[in-house]
Amino acid sequence: MGRVVLGVYVVLIFVFAIYGNWWGDYAYKGFAFNFGRALIWPVIIIPGLGKAIGMLVLLGVIGFLTFGRK
């Protein structure tokens, strides 16, 4: 089941990258830029999710700086 979910996610990455490259708001930026945006395609669909992911990354960095150093 996990491989199916991962496969669907990867297919959707390429769909979003191709769409963004040809018809998206950032079509002028090139395929590599749009592919990078497509890696986190749920954030494009649900903008509030980006804030949650940003908060988790920030907490991870703070946790690493606090507990990772000895």
Side-chain angles (χ1 to χ4, degrees):
M1 183 68 181
R3 288 183 184 240
V4 173
V5 172
L6 183 62
V8 169
Y9 191 81
V10 169
V11 167
L12 286 173
I13 287 172
F14 283 105
V15 169
F16 270 84
I18 292 170
Y19 172 80
N21 191 44
W22 288 342
W23 303 290
D25 293 338
Y26 297 102
Y28 65 94
K29 293 263 190 174
F31 184 77
F33 179 84
N34 286 300
F35 184 76
R37 282 180 41 94
L39 288 174
I40 52 170
W41 63 265
V43 176
I44 297 171
I45 295 175
I46 307 167
L49 188 60
K51 292 180 182 180
I53 292 173
M55 181 185 65
L56 290 175
V57 169
L58 182 62
L59 288 175
V61 169
I62 290 171
F64 175 75
L65 293 175
T66 303
F67 300 114
R69 295 183 174 189
K70 290 186 177 184

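Following chains of ILVMFWY side-chain contacts shorter than 4.5 Å, one can reach Val10 starting from Val8, so the two form part of one hydrophobic cluster. Residues Val61 and Phe64 fall within the same hydrophobic cluster, defined by Ile, Leu, Val, Met, Phe, Trp and Tyr side chains chained together at heavy-atom separations under 4.5 Å. Leu65 and Leu59 are members of different hydrophobic clusters when ILVMFWY side chains are connected at heavy-atom separations under 4.5 Å. Residues Tyr19 and Trp22 share a hydrophobic cluster, clusters being chains of Ile/Leu/Val/Met/Phe/Trp/Tyr side chains in contact below 4.5 Å. Under the 4.5 Å side-chain heavy-atom criterion for Ile, Leu, Val, Met, Phe, Trp and Tyr, Ile45 and Ile53 are members of the same hydrophobic cluster.
Taking CD1 of Ile62 as the start and CZ of Phe67 as the end, the distance is 11.0 Å to the nearest 0.5 Å. Here Ile46 contributes atom CD1 and Trp41 contributes atom CH2; the two are 8.0 Å apart, rounded to the nearest 0.5 Å.
Taking the six-membered ring where the residue is Trp, Phe14 and Phe35 present tilted rings, their angle falling between 30° and 60°.
Across all non-hydrogen atoms, the minimal contact from Ala38 to Ala17 is CB-N, 3.5 Å. Contact record, Tyr9 with Ile40: OH-CA, 4.1 Å, taken as the closest heavy-atom pair. Contact detail for Ile13 and Leu39: the closest heavy-atom pair is CD1-CD2, 3.9 Å. Considering all non-hydrogen atoms of both residues, Asn34 and Ala27 come closest at ND2-CA, 4.2 Å.
Annotation for Tyr26: atom OH does not count as buried by contact number, only 12 or fewer foreign heavy atoms lying within 6.0 Å. More than 12 heavy atoms of other residues, nucleotides or ligands sit less than 6.0 Å from atom CZ of Phe33.
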